[in-house]
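Proteins come first, then strands; the chains are lettered A, B, ... in the order of their sequence lines, and each starts at number 1.
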Amino acid sequence: MRNPLNKVITEIKPSGIRKFFDIVAEMPEAISLGVGEPDFDTPWKVRDEAIYSLERGRTFYTSNSGLKELRVEISDFLERHYGLKYDPIKEMLMTVGGSEGIDVALRAMLDPGDEVLIPQPCYVSYDPCTILAGGVPVPINLKEENDFRLKPEELEAAITDKSKILIMPFPNNPTGAVMEREDLEPIVEIVKKHDLFVLTDEIYSELSYTGKDHVSIASFPGMKERTIYINGFSKSHAMTGWRLGYVCAPEIVIQQMTKIHQFAIMCAPTTSQYAAITAIRDCDEDVANMREEYNDRRRYLLNRFKQMNVKCFEPFGAFYIFPSIAEFGMTSEEFCTKLLKEKEVAVVPGTAFGDSGEGNVRISYAYSLENLKKAMDRIEEFINELRK
Amino acid sequence: MREKILNYIQHNSRIDLADLAMMLGTDKAAVMNELEKMENEHIICGYPTLINWDKTDVEKVSALIEVRVTPQRGMGFDKVAERIYNYPEVDAVYLISGSYDFMVSIEGHTLREVADFVSAKLSPLDSVLSTQTNFVLKKYKDHGIIMAEKNVDEREKVSL
Ligand SMILES: Cc1ncc(COP(=O)(O)O)c(C=O)c1O
């Protein structure tokens with residue numbers, strides 16, 4: 001029989017930490033600080049709206065781009081929150097999570113051999129999606145000493161004639177790093193100088209704890225026309241299972257993306273879209289409450305690590321903290337495996353998010369205080385034993 | 001800081017104060033100090049526990065009683081309320097807008113006990129015009145807490 005498989009996909013390596021996942025799967029009793037999704041339920045009024053839309057029999061497809069009413073609300077939201085101005089009809093596409101937006105944008109923009117600059121550690125999909133779209137991923141290894149922010153020198157050093165897209169994964173999963181206005185300014189200059197495009201994944205934009213407003217790279221003068229802006233409802237509104245996100249981009253990009261989306265997906269889930277109208281219109285307070293609670297937990301974890309004398313830079317976004325375990329002379333994966341086996345606590349090796357995650361582990365605080373405390377007590381025991 | 005402390009202890013008055021301090025970015029002494037002040041100012045009036053009596057062997061009956069009264073000259077409703085809330089059987093008394101004046105929540109061991117309270121103590125009060133007793137059949141949620149079993153975390157153990 002012939003090989004049924006495509007060469008490109010078979011050559012993409014599965015997650016490097018698969019062994020670790022296998023062990024986690026065998027330990028159902030372990031306490032986990034390992035998930036990348038909110039512990040809150042979706043606000044009730046959003047769920048209620050979904051039920052209502054089903055009761056009303058709104059079980060059809062929407063237009064390929066998504067419900068117009070929803071896109072208009074999102075456009076308002078983006079202006080109200082980040083000062084972004086997008087035409088809801090021509091410059092926006094509703095997608096199946098931010099995930100689809102990332103994939104479709106790369107497919108719509110890359111020609112074979114085009115290079116995509118990917119600051120790492122980062123979310124796991126940019127690299128394989130780039131390869132599947134025929135592009136070449138070029139990692140930029142971010143440094144803990146820079147609080148895992150992208151520095152202009154690092155970007156300059158990675159650019160070649162083939163560079164086409166810079167991914168901007170901030171606020172960042174797994175590090176929790178953010179890029180503030182001063183950090184973005186020099187990046188914007190380089191992007192323009194080298195005629196690059198930016199794919200900015202701002203799925204965590206509502207979860208920023210700097211005390212200042214989140215700044216989008218798309219809001220800088222001259223950047224809207226070179227930016228693909230990805231966002232969604234998963235993290236901000238605790239709606240991961242609803243599979244709903246959106247992309248804002250220049251009209252010519254949206255047109256081609258809509259083609260792929262139309263043929264591959266048809267439209268984003270209808271029930272989710274109706275519910276999301278309520279989420280985007282009426283849930284600012286719910287989101288603020290969740291952010292406040294995440295922020296309290298963030299401070300709790302930071303203080304716990306400080307008391308343990310574990311090196312940990314202060315993350316200002318998302319719901320992760322990324323302490324350094326380099327002092328224990330193990331790889332991240334060894335550390336996590338040992339912690340899991342000896343103390344039954346699951347945290348994620350930094351290397352799951354790129355080579356530059358070596359020496360760190362990702363801890364999610366999308367958990368109740370009770371859970372965090374129990375897990376942190378065990379981590380503390382573990383670390384004390386290692387230091388003996 | 002006050003509002004945040006109150007928000008946390010409202011839901012869990014047994015929260016570890018050292019943990020709370022870490023979340024608020026302060027120290028335990030400061031939190032304890034603030035609690036004590038709020039107790040003195042009667043902002044914090046007590047730390048009762050929410051109990052689901054249905055799960056115990058103890059019989060409990062509770063009722064919400066709508067009470068219409070004539071306010072007393074010079075004192076308004078407060079004096080009448082005091083006559084009512086001083087009974088130990090009475091759990092809560094609220095002055096209400098709408099078609100009656102007080103909502104009185106009472107708790108007893110048996111239906112009989114509650115009924116006796118209403119007929120022998122509450123109704124005969126001078127200023128009480130009428131009462132309507134509503135027995136609670138089942139408590140679903142109280143003080144923001146759903147009484148049913150705790151739901152478990154159904155998320156996968158690790159997701160990226
Ligand atoms: C940085 C980042 N981008 C995108 C996603 C995908 O989110 P969704 O497809 O649910 O919108 C995630 C999920 O973990 C993420 O962490």
Worksheet item: Where along residues 356-368 of chain A does a heavy atom come under 4.5 Å of chain B, listed by residue number?
Response: A:Arg362, A:Ala366, A:Tyr367
Worksheet entry | Residue part contacting chain A, namely of B:Asp153, when any heavy atom lies under 4.5 Å | side chain
Worksheet item: Tell me, side chain or backbone of A:Glu292 under 4.5 Å from chain B's heavy atoms, or both, or neither?
Response: both
Worksheet item: Most heavy-atom pairs under 4.5 angstrom with chain B, which of A:Ala30, A:Ala25, A:Ala346?
Response: A:Ala30
Worksheet item: Salt-bridged, B:Lys4 to A:Asp296, with N to O below 4.0 Å?
Response: yes
Worksheet item: Which bit of A:Leu369 is near chain B, if near means a heavy-atom gap under 4.5 Å: side chain, backbone, both or neither?
Response: side chain
Item to complete: Side chain from CB out, backbone as N, CA, C, O: work out which of these in B:Ile15 comes under 4.5 Å of a heavy atom of chain A, or both, or neither.
Response: side chain
Item to complete: List the atom of B:Met22, the atom of A:Arg304, and the distance in Å for their closest heavy-atom pair.
Response: CE-CD, 3.5 Å
Worksheet item: For the residue pair B:Leu160 and A:Tyr123, what are the closest heavy atoms and their distance?
Response: O-CE1, 4.0 Å
Practice prompt. Can you tell which part of A:Val35 gets under 4.5 Å to a heavy atom of chain B, answering side chain, backbone, both or neither?
Written response: both
Fill in: Side chain / backbone / both / neither for A:Tyr320 at chain B, heavy atoms under 4.5 Å
neither
Worksheet, complete the sentence: Sorted by chain and residue number, the side chain to side chain contact (heavy atoms under 4.5 Å, CB included) partners of B:Asp16 (sequence neighbours excluded) come out as A:Lys373, B:Ala18, B:Asp19
Worksheet entry | Portion of A:Pro174 that has a non-hydrogen atom of chain B nearer than 4.5 angstrom | neither
